[in-house]
Amino acid sequence: MPPRKRTRSSKTPTDSGEAVDGADETSVKDLEKTAGSRRKAAGSVKSVNKDTADYSHWLMKSEPESRIENGIDVKFGIEDLKALPDQTGCWDGVRNYQARNFMREIKEGQLAFFYHSNCKEPGIAGLMKIVKEAYVDHTQFDKKDVHYDASSKPENPKWSMVDVQYQRMLKRYLSLSELKKHYHQHCTNGGPLKNLALFTRARLSVQPLTKEEFDFILTLEDKDCG
DNA sequence: GCCAACGTTGGC
DNA sequence: GCCAACGTTGGC
């Protein structure tokens with residue numbers, strides 16, 4: 001599976017979806033309500049819960065290069081978001097409980113980095129803004145969709161998505177390797193990136209950042225290079 | 001294309 | 001509720 005995502009323009013007819021999601025709303029707090037009742041789907045539920053209070057910024061991964069999965073191209077880079085009507089799309093296809101739970105914490109108006117993963121040079125390409133908070137990801141019910149989930153029932157949907165709007169490209173591309181240098185340095189000498197989820201929880205496709213982490217990363221675009 | 005790290009499944 | 005087997009993510 002790609003990191004996540006395969007966005008369509010967000011002309012989704014889904015306000016029926018929102019009603020359904022309302023019922024689900026409780027699980028924003030007690031994160032694993034839906035999933036966790038069966039098994040403990042994803043590791044540290046409590047750390048997710050405890051930490052999120054501080055998070056106000058996000059990093060969301062998507063693959064900018066073509067890759068065929070179940071006969072469908074999962075490519076969705078920042079240029080693809082920019083090309084949609086209103087430069088807005090829904091961030092569908094997230095199929096990991098931790099990532100989903102973080103998505104449910106995201107508030108309208110918050111900013112997220114658009115991260116390019118599984119490509120020649122992974123890294124942060126640009127900025128987007130959340131324009132709609134979590135609601136039902138309709139692709140979970142679509143048999144034709146790469147991320148169809150036969151185990152999810154419309155009466156109790158498992159997966160959510162948010163809508164995002166393109167804001168701007170970063171002044172320069174911030175590669176994973178450059179970010180990693182700072183991360184290592186901050187681990188050694190102290191610094192704002194020492195707990196960056198990109199490295200401490202590498203596989204999360206929707207990850208939280210503190211304002212300090214976010215601001216530090218943004219200062220990098222004005223520096224000359226890694 | 002490889003594979004380490006980690007998430008998920010399901011038998012017991 | 002443990003844990004082995006399996007599947008996925010995503011850097012390299």
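In what follows, chains carry the letters A, B, and so on, assigned in the order in which the sequence lines appear, proteins first and then strands, with residues in each chain numbered from 1.
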*Could you tell me the separation between the CZ atom of A:R67 and the P atom of C:dT8, rounded to a whole number of Å?*
10 Å
*N/O donor-acceptor pair under 3.5 Å between A:D73 side chain and A:R67 backbone*: yes
_Separation of C:dG10 P from A:L204 CG (nearest whole Å)_ = 9 Å
*From the list B:dG7, C:dG10, B:dC6, which nucleotide is the closest neighbour of the side chain of A:K61?*
C:dG10
*Between A:W159 (CH2) and B:dG7 (P), how many Å, whole number?*
13 Å
*Has A:K181 got its NZ or CZ under 6.0 Å from the middle of the six-membered ring of A:Y183, at an angle within 45 degrees of the ring axis?*
no
*Taking only side-chain nitrogens and oxygens of A:Y115, does any of them come within less than 4.0 Å of OP1 or OP2 of C:dG11?*
yes
*Interatomic distance, A:Y97 OH vs B:dC6 C1' [rounded to whole Å]*: 16 Å
*Is A:D222 salt-bridged to A:K171, cutoff N-O under 4.0 Å?*
yes
*Provide, to the nearest angstrom, the distance between the CD atom belonging to A:E121 and the C1' atom belonging to C:dG11.*
12 Å
*Starting from P on C:dT8, measure out to CZ on A:R100 and report it in whole angstrom.*
19 Å
*Can you tell which of B:dG7, C:dC12, C:dT8 lies closest to the side chain of A:K180?*
C:dC12
*Which whole-number value in Å describes the distance from A:Q98 CD to B:dA5 P?*
18 Å
*Heavy-atom check, side chain of A:F113 versus side chain of A:L127, under 4.5 Å*: yes
*To the side chain of A:L176, which of B:dC6, C:dC12, C:dG10 is closest?*
C:dC12
*asked:* Output the rounded distance in Å from NZ (A:K120) to P (B:dG1).
replied: 15 Å
*The side chain of A:N118 lies closest to which of these nucleotides: B:dG7, C:dT8, C:dG11?*
C:dG11
